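Input: a single structure, listed below in structure tokens.
These figures come from a predicted structure and were not determined experimentally.
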Amino acid sequence: MATFSQSIIDKGSDIFHDFLCNTCADKKLDNTADYYCESCVKFYCRKCIRPHSQLFTKHDPFGRGDMKKWPVTKKVEDFLLKCDVHEDKNLEMFCSEHSELCCTNCAFLNHRHCKKVTLISDIIKSQSTDLQQLSISIQSILKEMKKLQDSQEASIQSVQRSYDEQLRRIEETRQTINAALDTIEQKTLKEMKDTLTNLQASSKNDVDKCIKLRDELTQLRDAIQDISDKSKLELSFIAIKKCEDKIEQSTTFLNTNSLQDKFYITFQPNSEIVQYLSKLSGLGRIEHSTKTLMVQENPNKVITVLRKSENNVKISSDSKDCIISAILVLPDRQVLVVDYKNNNVKLLDQQYQVVSHCSVTKWPWAICQITSSEVAVTVNESINNKHEVQFITVNNRQLVQGRKLQLLHTCNGIAFHHGDLYITSDTALFKYTLNGKLVSKMYEDTSGDYTVYTCAVSPTGDKLYITNNSQHKLLTLARDGSVLATFTDPALQYPRDVHVTPAGQVLVCGDIFANPFILQVDSEGKRKLATLGTEKNCFLTPQSVCYNRHTASIIVGGRYYNSIMVFKVQ
């Protein structure tokens, strides 16, 4: 009968398919069998089948293409026949009431009162034992289970990466608090030093006044002694008046400066600081979020525009007309817009009103979400050849700048998925870790100037969408960077931005002079599904597009246009 390799058995699903060559096994060699001879009842590898066929010319061995004719091995039989509870017993009966296989022990202990306990040998006489459809069902479930397993394993890695990243943020928060306390301490020390200086200066003035009055009184006393017996009436009169005047000054000074008055400096701690800190449960809130693609959502559902509105996003500190190069909607419904021309990022409330902003290095271009409250923005300063990814945190309706990643190439588009940071650089797509470590150059096209312009990632992370601005294309890439599809269309001229909705719907926008467009492309990136914006309903020149799932709206940002346009859709 067949011989099994234990290492193959341990693989689980492979135990039913792989056999060892009997001839090699006799020589204590583990070689996989490729043929089974029904006449010999033995298995042979490719090497051993040759002498066998020469000796037994009338035998007709079955190759792996005829594995259905191979016997079931004893290990397979044991695997199926043995009772899970009583391992020394075989399954011989079936209880129809409980739909349960059972050995004789199980039948006696658990099913002796059941009326429909039948021998398996009797059941198979009347029931079909076709396993083909069952095998197909199992394969389908195995595939789904593998997807779930991969997803959960990716989730484990993702939560570990986010944990490590948030540890760094906790350290940064502590350092920020320490710095704030250091500043408060320095201010307190300066105030105490100023108090010391002022008090010492006041006492020094009194000392100087005492010395002066004492010197003057001493001189007058000595002068009086010199003229007291010389009958100088005029000098005596003058001396008396001077002495009376100086005595009056000295008496007044003594009355206003008590001998018991001494200055002391005391420090009264601000108890509110300690009381406030003692009430806090930590340095901040620990949150967790999930990103789930609802399976019932159709990534190719055509979007229809119902109506539109405009919202001004220019602020008083803006020196130029706005170019909104990127838009992002946060989980808490706040909206971030990147103003390329005014070098800032603006926070909008749910009514699209600017509530906060922060300035960044020159020429910010794209934005992506990292966590529920942290985003990353690409910035470039061509004069100093500085290319960065600036991290920004949204905290209590304020934008707080965090760390920066310094890169050696231009930073245009940016996308993030499960710890992977995707950045475009005019003609190439790079993958980085969140710490700025280069993983790989995923894709490159040097046939033009802006062949890899902006990027977006599908909700499941299996596809990347790239705009080829100079050659009027939208590319769809696989996870490994290989090109899955190339989309072109007469309306697709100089595409600027690409965006994927939570349902997987692909939107791309751009403009050429007076022909602005917003297109919906199918999730495979092969065909146009709809034209959402044209010169008739989108007169601004689109630079960015984003879907707001909270309000079922598409937000569009334009060039030299101080408003964003909001399309209500369905």
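Around atom CD of Glu191, no more than 12 heavy atoms belonging to other residues, nucleotides or ligands sit under 6.0 Å away. The neighbour count for Tyr547 OH, taken as heavy atoms of other residues, nucleotides or ligands under 6.0 Å away, is above 12. Environment of CD in Glu272: sparse, with no more than 12 heavy atoms of neighbouring residues, nucleotides or ligands closer than 6.0 Å. Dense packing is recorded around CG of Leu277, with more than 12 heavy atoms of other residues, nucleotides or ligands lying under 6.0 Å away.
Shortest non-hydrogen contact noted between Cys455 and Val498 is C-CG1, 3.8 Å. Contact record, Met442 with Tyr422: SD-CE2, 3.4 Å, taken as the closest heavy-atom pair. When all heavy atoms of Gly525 and Ala485 are compared, the pair lying nearest together is O-CB, 3.6 Å. Of all the heavy atoms in Ile303 and Val569, the pair that sits closest is CG2-CB, 3.5 Å. Nearest heavy-atom pair, Ala530 versus Val302, reported as atom, atom and distance to 0.1 Å: CB-CG1, 3.7 Å. Arg496 approaches Gly510 most closely through the heavy-atom pair CG-CA, 3.8 Å.
Of the possible polar contacts, one joining the Ser278 side chain to the Gln275 backbone as a donor-acceptor pair under 3.5 Å is found. Side chain of Glu310 to backbone of Ile564: no donor-acceptor contact under 3.5 angstrom is found. Panel note: side chain Thr183, backbone Ala179; a donor-acceptor pair is recorded below 3.5 Å. Without hydrogens or angle criteria, Asp522 side chain to Arg527 main chain gives a donor-acceptor distance under 3.5 Å. Here the side chain of Arg549 pairs no donor or acceptor atom with the backbone of Thr501 at under 3.5 angstrom. Put simply, the side chain of Ser553 never gets that close to the backbone of Val566: no donor and acceptor are under 3.5 Å apart. Under the 3.5 Å distance criterion, the side-chain polar atoms of Asn469 are matched with a main-chain donor or acceptor of Pro495. Between the side chain of Thr378 and the backbone N or O of Ala366, at least one donor-acceptor pair lies under 3.5 Å. Formation of a donor-acceptor pair under 3.5 Å by the Ser425 side chain with backbone atoms of Thr410 is found in this model. When atom types are taken as modelled, the side chain of Lys568 and the backbone of Thr551 share a donor-acceptor pair closer than 3.5 angstrom.
The shortest distance between side-chain heavy atoms of Val360 and Ile392 falls below 4.5 Å. Counting heavy atoms from C-beta on, the side chains of Asn548 and Cys546 never come closer than 4.5 Å. Side-chain contact between Leu196 and Met192 is absent, with no heavy-atom pair separated by less than 4.5 Å. Between Asn270 and Thr188, the closest side-chain pair of non-hydrogen atoms is not below 4.5 Å. Contact annotation: the side chain of His418 approaches that of Arg161 to within less than 4.5 Å [non-hydrogen atoms, C-beta and beyond]. Counting only heavy atoms from C-beta outward, the side chains of Arg397 and Ser356 never approach each other to under 4.5 Å. Between Val379 and Cys411 the shortest side-chain heavy-atom distance does not fall below 4.5 Å. His472 places a side-chain heavy atom less than 4.5 Å from the side chain of Tyr494.
Checked against Thr433 for a side chain to side chain contact (heavy atoms under 4.5 Å, CB included), the options Leu405, Leu438, Asp420, Val439 give a single hit: Val439. Remark: of the listed residues Leu347, Thr371, Val375, Leu347 is the sole one forming a side chain to side chain contact (heavy atoms under 4.5 Å, CB included) with Val394.
Not counting sequence neighbours, Lys301 has no partner by the salt bridge (charged side-chain N to carboxylate O under 4.0 Å, His left out) test. For Asp480, there are no salt bridge (charged side-chain N to carboxylate O under 4.0 Å, His left out) partners, not counting sequence neighbours. Scanning for side-chain hydrogen bond (donor to acceptor under 3.5 Å, both in side chains) contacts around Tyr465 gives an empty result, with sequence neighbours left out. Residues forming a ring-ring contact (aromatic ring centres under 6.0 Å, His included) with Phe430 (at least two apart in sequence, or on another chain): His409. With sequence neighbours left out, Tyr352 forms a ring-ring contact (aromatic ring centres under 6.0 Å, His included) with no residue at all.
Contact check on Glu172 versus Arg168 returns a salt bridge, with a Lys/Arg side-chain nitrogen under 4.0 Å from an Asp/Glu carboxylate oxygen.
Going from atom NZ of Lys314 over to atom OH of Tyr561 covers 13.0 Å, rounded to the nearest 0.5 Å. Summarising the geometry, atom CG belonging to Asn562 is positioned 4.5 Å from atom SG belonging to Cys322; distances are rounded to the nearest 0.5 Å. Leu283 contributes atom CG, which lies 4.5 Å from atom CD1 of Ile177 (distance to the nearest 0.5 angstrom). The line from CG of Leu336 to CD1 of Ile327 is 10.5 Å long, rounded to the nearest 0.5 Å. Of the inter-residue distances, the one linking Glu524 atom CD with Lys463 atom NZ reads 4.5 Å to the nearest 0.5 angstrom. Annotation: the span from Tyr340 atom OH to Arg559 atom CZ amounts to 11.0 Å, rounded to 0.5 Å.
For the residue pair Asp462 / Thr460, a side-chain donor-acceptor distance below 3.5 Å is found, with atom types taken as modelled. When only modelled atom types and interatomic distance are considered, Asp182 and Gln186 share no side-chain donor-acceptor pair under 3.5 Å. In this structure, a donor-acceptor pair under 3.5 Å is present between the side chains of Thr454 and Thr467. Side-chain atoms of Glu153 and Gln157 form no donor-acceptor pair, as typed in the model, at a separation below 3.5 Å. Side-chain polar atoms of Asp332 and Gln334 form a donor-acceptor pair below 3.5 angstrom.
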Quiz item: Could you walk me through whether Val338 and Ser325 pass the side-chain contact (heavy atoms from CB on, under 4.5 Å) check?
Solution: CA-CA 6 Å; Val338 177; Ser325 59; 3.5 Å; yes
Self-check item: side-chain contact (heavy atoms from CB on, under 4.5 Å) between Ile466 and Asp445, worked out
Solution: CA-CA 11 Å; Ile466 306 294; Asp445 181 357; over 6 Å; no
Exercise. Take Asn342 and Ile315, measure what side-chain contact (heavy atoms from CB on, under 4.5 Å) needs, and give me the verdict at the end.
Key: CA-CA 10 Å; Asn342 290 294; Ile315 56 179; over 6 Å; no
Exercise. Take Leu421 and Cys368, measure what side-chain contact (heavy atoms from CB on, under 4.5 Å) needs, and give me the verdict at the end.
Key: CA-CA 9 Å; Leu421 204 58; Cys368 72; 4.2 Å; yes
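Applying the salt bridge (Lys or Arg N to Asp or Glu O under 4.0 Å) test to residues at least two apart or on different chains, the pairs with a partner in residues 338-361 are Asp318-Lys346, Asp339-Lys346.
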